[in-house]
J.: 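Below is the structure I would like to discuss, written out as structure tokens.
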Amino acid sequence: MQPSPFHLKSQIQPPYTFSQSSLQDYADCPRRFQLRYIEQLAWPAVETEPALENERRQQEGLIFHRLVQQHLLGLPTENLARLANTPDLSRWWKNWQDFRSLQDFGSLYPELTLSAPLGEHRLLAKYDLVAVRPAKKVVIYDWKTYRKRPRDEWMAARLQTRVYRALLVQASAHLNNGQAFAPEQVEMIYWYADFPVEPTRFPYTAVQYKRDWEALTRLAAEISARREFPLTGDEKKCAYCPYRSYCERGAQAGLLDEMGDEAELENIEVNFEQIQEIEF
Ligand code: SF4
């Protein structure tokens with residue numbers, strides 16, 4: 001039997017480690033944050049139908065991330081190419097190699113984890129790739145395997161975009177001879193495996209950095225002070241949420257084919273935190 005909401009734990013304990021995923025969940029739906037991160041309730045329902053198709057896509061996304069990481073770490077292309085053995089993976093792999101051949105990455109830091117204090121808590125991020133170029137520019141790359149190219153405005157509003165750039169400025173001095181990078185040296189690039197020549201690029205400024213860090217600190221304090229985590233008022237967010245039966249927001253999973261860009265961003269996210277599960 002599912003626990004009653006009245007028996008849910010209702011507070012995070014400092015120091016709590018926030019990630020872009022947990023902050024995004026809170027921004028989307030405070031109850032989802034509570035269920036996933038405070039209650040740590042396991043995924044009780046499929047997110048989309050057909051479930052197997054969705055699972056296959058997520059698995060391919062994870063394998064692609066692992067392939068790119070191994071490639072960046074220097075594993076031979078021929079060995080990795082054999083693992084790109086589905087139509088999606090084969091296409092993404094080719095697109096990735098074309099993309100890589102055109103890049104001057106500089107010093108590569110794949111699988112980089114950074115963290116810093118955020119008020120009485122901590123903020124942690126795992127980056128697909130951070131590249132420090134000779135011209136003292138630092139570029140954050142994030143690989144996305146979305147079926148549709150999202151609008152740039154959506155990506156700009158994602159907490160990932162704000163967290164990754166701000167935390168890099170805050171916590172990456174060790175990549176720059178002990179000196180913090182200036183925000184103007186930072187750029188974030190979302191590279192879409194199915195839209196390889198249409199990446200989204202986000203430069204950064206000192207004004208944006210100040211705004212982001214203050215907003216993130218406020219958000220962490222707000223979550224910390226909460227005793228109640230209400231259900232979202234936007235019921236569209238429930239269609240692909242695994243907790244919808246728990247919240248009595250519908251028993252049926254949303255259809256993959258009907259999934260809009262926003263829902264896809266929120267629910268078919270493949271992030272580095274999941275990747276360790278894939279062993280080659
Ligand atoms: S089903 Fe809806 S209300 Fe419940 S956690 Fe998910 S998004 Fe929030």
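Start at 1 and go down the list; that is how both ligands and their atoms are numbered. In what follows, residues are counted from 1 in the order of the sequence shown. Note that the coordinates shown come from a computational prediction; the quantities given were computed from them, not determined experimentally.
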J.: Would you kindly say whether E184 and T205 are connected by a side-chain donor-acceptor distance under 3.5 Å?
T.: no
J.: For atom 4 (Fe) of ligand 1, which protein N/O/S atoms fall under 2.8 Å? Skip waters.
T.: C247 SG
J.: Return the set of residues passing ring-ring contact (aromatic ring centres under 6.0 Å, His included) with F18 (not counting sequence neighbours), or none when no residue passes.
T.: Y16, H121
J.: Check whether more than 12 heavy atoms from other residues, nucleotides or ligands sit under 6.0 Å from atom CD of E153, and answer yes or no.
T.: yes
J.: Should Y246 and L231 be regarded as members of a common hydrophobic cluster, given that ILVMFWY residues are connected when their side-chain heavy atoms come within less than 4.5 Å of each other, either directly or indirectly?
T.: no
J.: Pair W143, W92 - check ring pair (Phe, Tyr, Trp, His ring centres under 6.0 Å), show working.
T.: CA-CA 10 Å; W143 325 123; W92 297 342; over 10 Å; no
J.: Is it the case that the side chain of R31 and the backbone of F229 share a donor-acceptor pair, with hydrogens and angles ignored and the cut-off at 3.5 Å?
T.: yes
